[in-house]
Asks: 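Dropping the structure in here first, questions after.
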Amino acid sequence: MLLTEIAAASEAVAAASARRDKVALLAACLRRASGSDAPVVAAWLSGRTFQRRTGLGWASLRSAPPPAVSPSLTVQMVDAQLARASLLTGAGSSGERQKIVLELLSAATAGEQRLLSGLISGELRQGAAAGLIVDAVAKAAEVPLASVRRALSVHGDLPDVAAAALEGGESALSAFQLSIGRALAPMLAAPAPELGAALAKTGPAGVEWKLDGVRVQIHRQGSDVSVFTRTLDDITARVPEVVEAVRGLDVADAILDGEVIAYTASGRPAPFQVTSARVARHDLEKARAATPLSLTLFDALHVDGDDLIDRPGADRRTRLEVAAPELIVPRHVVDDPSDEAAVTGAQAFAADTLARGHEGVVVKSLASAYTMGRRGAGWVKVKPRITLDLVVLAAEWGHGRRTGKLSNLHLGARDPEGEYGPPGGFVMLGKTFKGLTDVMLDWQTGKLRELAERESKWVVHVRPELIVEIAFDGVQRSPRYPAGLALRFARVLAHRPDKPAAQADTIATVRSHHVVEDGAENSSADEAET
DNA sequence: TTCCGACAGTGGGGTCGCAAT
DNA sequence: ATTGCGACCCCACTATCGGAA
């Protein structure tokens, strides 16, 4: 199969707006892909290379050669080159990878270059990704959508499932079974503003601690244990504590779902940054001594021969209580969400959870099955939110559907004492593009142009006069911003043109929201530079 | 007819290891 | 020794389509 066919399909998909049209185009393309092309084409149409990591990114695309006049590349040729790049390592490998990209791009037509760049950068932006490919696979293979979804939920790898469906139809799909040692897409939680809203979505539910760590899916067969992250990355070697904890359980085989997190010396949950850094480290011995990890479990997908994913949440919890009584997450059950006293009790539980330093709660339906990879109504998370009035210092031109709009805002707090510049100035705390409707986007583009002071290619610096009401989850230590602090998950709630910048919140207020780590080794956390 | 679930897009913070400088 | 890059951790929110209610 020729690469140009995929490029043409991708372009047509990008041009279509109706989903059924996109799916029809994708299905037509998949139908033409046979044999060893099938899994590769399925991966590419979903916007990813077949290799999970290629070592290639934006930087390798900066100097694009002129496009070829006529198409010559085949799917197999391109995949072979990407595979070669992904295996390169050691001195000189960057240059080698760069050479591979240049050769591919020089042999590619303009349309093919667009596809290759999209795949390599991971930003194909054709309005279709894995979700629609699943529909397209079902259509192309003429099998029920539910069969493809089921296979994917127990197998986790889209190219494999697509190839099986196209080659062997429904019988090939039914051969995929939950198997210990093969990661599956974890169930996700939808957000809700407060507990009442969450319970309204779930019905009778367990309210659990939400730990601010790294999600782990653990597979055990005998003494064999594997640990996977949310994106199905295998991190077994980096989390021996998890392996040991699960080996200590009185089960022969299991697939368990949980969170790994570090605690500070005083026993409070460490900031996410601490856990994240530990999990990323490869120098195990030192890392483990300095920052031990602990495991908390909240679900069981398989225990001793029984697949539990289709069973109600309450049943899975019961199995987990027996299998891992010491590691199970604390929870509070609300049998009847319409009972005010029950909801009050849950609110007290949530308040206690926060007082212990956890991130929030997750409300889990007692009835719902384990729906892999979906953000259904089964699990709903509730986290507290902080709001502040900050000042827009600059804005960046947007991409894609935000092209021509000032999108990403640079946010600053007032610095009345002049700790980070002239007194009465502002100190930057981060950026945000979230929370903006199209109407707000239009409005701020006009307003910020009025306030423009100087402009570079991507950034428009403005007079610090426009206040925005910002919501965020917390203040974290920052190596990047002048105050050594940054906002976590900042989003815009509203523009406040009515409010003068002199009334913006101050850096002192921001600092008051920073929870300082109490571990001895982190005492330099908010040292200010001079 | 209206409502709502699922999807894609638009990017944010941080951290690590590795290769290039 | 420092810097830039790629790969992953955590993620919020809006627009849109199309089936459910």
Side-chain angles (χ1 to χ4, degrees), chain A residues 13-14 16-23 46-47 52-60 62 86 88-98 120-135 188-191 201 211-216 229-233 235 238 259-260 271-283 287 359 371 373-377 381 383 385 396 398-403 405 407-411 429-441 471-481 485-493:
Chain A
V13 166
S17 69
R19 264 177 209 165
R20 58 174 79 107
D21 294 346
K22 287 179 189 283
V23 169
S46 73
R52 235 170 98 69
R53 61 192 82 167
T54 57
L56 297 166
W58 264 117
S60 64
R62 273 191 297 223
S86 74
L88 287 170
T89 172
S93 64
S94 280
E96 276 297 300
R97 276 196 293 271
Q98 180 76 48
I120 289 170
S121 68
E123 302 190 343
L124 187 56
R125 284 152 162 72
Q126 58 177 4
L132 290 198
I133 307 304
V134 172
D135 282 39
L188 306 173
K201 280 193 188 181
L211 304 177
D212 192 9
V214 171
R215 180 84 175 267
V216 285
T229 65
R230 201 166 89 77
T231 51
L232 314 189
D233 212 38
I235 55 163
R238 304 210 293 269
E259 193 91 0
V260 62
F272 172 74
Q273 286 163 302
V274 172
T275 297
S276 174
R278 162 58 216 274
V279 171
R281 279 176 70 171
H282 289 208
D283 57 333
E359 193 187 8
T371 50
R374 322 277 290 273
R375 228 176 262 280
K381 57 182 166 184
K383 297 192 283 184
R385 191 181 87 164
E396 297 175 14
H399 298 81
R401 70 184 302 280
R402 291 190 175 190
T403 301
K405 304 288 165 61
S407 170
N408 199 3
L409 302 177
H410 296 199
L411 305 170
L429 291 165
K431 309 177 189 178
T432 184
F433 56 91
K434 295 177 179 135
L436 298 161
T437 64
D438 288 357
V439 171
M440 291 164 79
L441 218 44
F472 57 100
D473 281 21
V475 176
Q476 60 187 351
R477 178 161 47 98
S478 169
R480 176 180 322 206
Y481 292 110
L485 299 174
L487 306 181
R488 192 162 180 217
F489 309 141
R491 57 267 191 192
V492 177
L493 295 181

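Within every chain, numbering begins at 1; the chains are lettered A, B, ... in the order of the sequence lines, protein sequences first and strands thereafter. Not measured: the values here are computed from a predicted model.
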Asks: For the residue pair Glu396(A) / His410(A), report whether a side-chain donor-acceptor contact shorter than 3.5 Å exists.
Replies: yes
Asks: Classify the nucleic acid contact of Ala490(A) as base, sugar-phosphate or nothing, counting any heavy atom under 4.0 Å across all strands shown.
Replies: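 No contact.
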Asks: Give a yes/no on whether any side-chain N or O of Lys201(A) is located under 4.0 angstrom from OP1 or OP2 of dG5(B).
Replies: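 So the side-chain polar atoms of Lys201(A) never come under 4.0 Å of the phosphate oxygens OP1 or OP2 of dG5(B).
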Asks: Assign Ser17(A) to base, sugar-phosphate, or nothing according to its heavy-atom contacts below 4.0 angstrom with the strands shown.
Replies: sugar-phosphate
Asks: Which comes earlier along DNA chain C counting from the 5' end, the contact point of Asp21(A) or that of Leu436(A), where each point is its nearest nucleotide?
Replies: Leu436(A)
Asks: Return the minimal non-hydrogen interatomic distance between Ala486(A) and Tyr481(A), and the atom names on each side.
Replies: CB-CD1, 3.9 Å
Asks: So, the side chain of Gln273(A) versus the backbone of Arg477(A): is there a donor-acceptor pair under 3.5 Å, distance only?
Replies: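 Flag set: sc Gln273(A) to bb Arg477(A) pair under 3.5 Å.
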Asks: Got a salt bridge between Arg488(A) and Asp212(A), using NZ or NE/NH1/NH2 to carboxylate O under 4.0 Å?
Replies: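 Looking at Arg488(A) and Asp212(A), the cut-off is met.
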Asks: What does Lys431(A) touch in the nucleic acid at a heavy-atom separation under 4.0 angstrom: a base, only the sugar-phosphate, or nothing?
Replies: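 Counting heavy atoms under 4.0 Å across all strands, the contact made by Lys431(A) is with sugar-phosphate only.
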Asks: What's Arg19(A) touching, base or sugar-phosphate or nothing? Going by heavy atoms closer than 4.0 Å.
Replies: base
Asks: When the distance from CG of Asp212(A) to C1' of dC10(C) is rounded to whole Å, what number comes out?
Replies: 7 Å
Asks: Working to the nearest 0.5 Å, report the span between CZ of Arg401(A) and CZ of Arg125(A).
Replies: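 These two atoms lie 12.0 Å from each other.
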Asks: When the nearest nucleotide of DNA chain B is assigned to Leu132(A) and to Ser407(A) on a heavy-atom basis, which residue is associated with the more 5' position?
Replies: Leu132(A)
Asks: Rounded to the nearest Å, what distance is computed from the CD atom of residue Gln273(A) to the P atom of nucleotide dC11(C)?
Replies: 14 Å
Asks: Given that Ala130(A) and Leu487(A) both sit by DNA chain B, which one's nearest nucleotide is further toward the 5' end?
Replies: Ala130(A)
Asks: Any side-chain N or O of Ser94(A) under 4.0 Å from OP1/OP2 of dC18(B)?
Replies: no
Asks: Select base, sugar-phosphate, or nothing to describe what Glu123(A) touches, counting heavy atoms under 4.0 Å on all strands.
Replies: nothing
Asks: Whole angstrom is fine here: how far is it from CG in Asp283(A) over to C1' in dT15(B)?
Replies: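 Rounded to whole Å, this separation is 13 Å.
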Asks: To the nearest Å, give me how far apart CG (Asp135(A)) and C1' (dA6(B)) are.
Replies: 10 Å
Asks: Please report, rounded to the nearest Å, how far the P atom of dC10(C) is from the NZ atom of Lys381(A).
Replies: 10 Å
Asks: With a 4.0 Å cut-off on heavy atoms, is Ala471(A) in touch with a base, just the backbone sugar-phosphate, or nothing at all?
Replies: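 If one applies the 4.0 Å heavy-atom cut-off, Ala471(A) turns out to touch nothing in the nucleic acid.
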Asks: Have a look at Lys383(A) and say if it touches a base, only the backbone sugar-phosphate, or nothing, with a 4.0 Å heavy-atom cut-off.
Replies: sugar-phosphate
Asks: I'd like to compare against my own output: the B/S/- annotation of nucleotides 4-9 of chain C with a strict under-4.0 Å heavy-atom distance to protein.
Replies: -SSSSB
Asks: Specify the separation, in whole Å, of atom CZ of Arg491(A) and atom C1' of dG12(B).
Replies: 11 Å
Asks: For a quick check under 3.5 Å, do Arg402(A) and Ser407(A) share a side-chain donor-acceptor pair by atom type?
Replies: yes
Asks: Look at the side chain of Arg230(A) and the backbone N and O of Val216(A), then say whether any donor-acceptor pair between them is shorter than 3.5 Å.
Replies: no
Asks: So which nucleotide from dG18(C), dA19(B), dA12(C) ends up closest to the side chain of Ser93(A)?
Replies: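 Nearest nucleotide to the side chain: dA19(B).
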Asks: Provide the Watson-Crick or G-U wobble partner of dC7(B), both distances under 3.5 Å; none if there is no partner.
Replies: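 dC7(B) is paired with nothing.
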Asks: Give a yes/no on whether any side-chain N or O of His399(A) is located under 4.0 angstrom from OP1 or OP2 of dG11(B).
Replies: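 So the side chain of His399(A) is within the cut-off, an N or O lying under 4.0 Å from OP1 or OP2 of dG11(B).
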Asks: Respond yes when some side-chain nitrogen or oxygen of Arg401(A) is under 4.0 Å from OP1 or OP2 of dT10(B), and no when none is.
Replies: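 No, no such contact exists.
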Asks: For dG12(B), does either OP1 or OP2 sit under 4.0 Å from a side-chain N or O belonging to Asn408(A)?
Replies: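 Looking at the OP1 and OP2 atoms of dG12(B), one of them is under 4.0 Å from a side-chain N or O of Asn408(A).
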Asks: If you round to the nearest 0.5 Å, how far is CD of Glu123(A) from CH2 of Trp58(A)?
Replies: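 Here the rounded value is 5.5 Å.
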Asks: Give the rounded distance in Å between these two atoms: CZ of Arg402(A) and P of dA12(C).
Replies: 16 Å
Asks: Do Asp233(A) and Arg52(A) sit within salt-bridge range, that is, some charged N less than 4.0 Å from a carboxylate O?
Replies: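 Yes, charged N to carboxylate O under 4.0 Å.
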Asks: Which nucleotide wins on minimum distance to the side chain of Tyr481(A), given the candidates dG13(B), dA12(C), dT15(B)?
Replies: dG13(B)
Asks: Rounded to whole Å, how long is the line connecting atom CG of Leu485(A) with atom P of dG13(B)?
Replies: 14 Å
Asks: Of all the nucleotides listed (dA19(B), dA12(C), dC16(B)), which has the minimum atom distance to the side chain of Phe489(A)?
Replies: dA12(C)
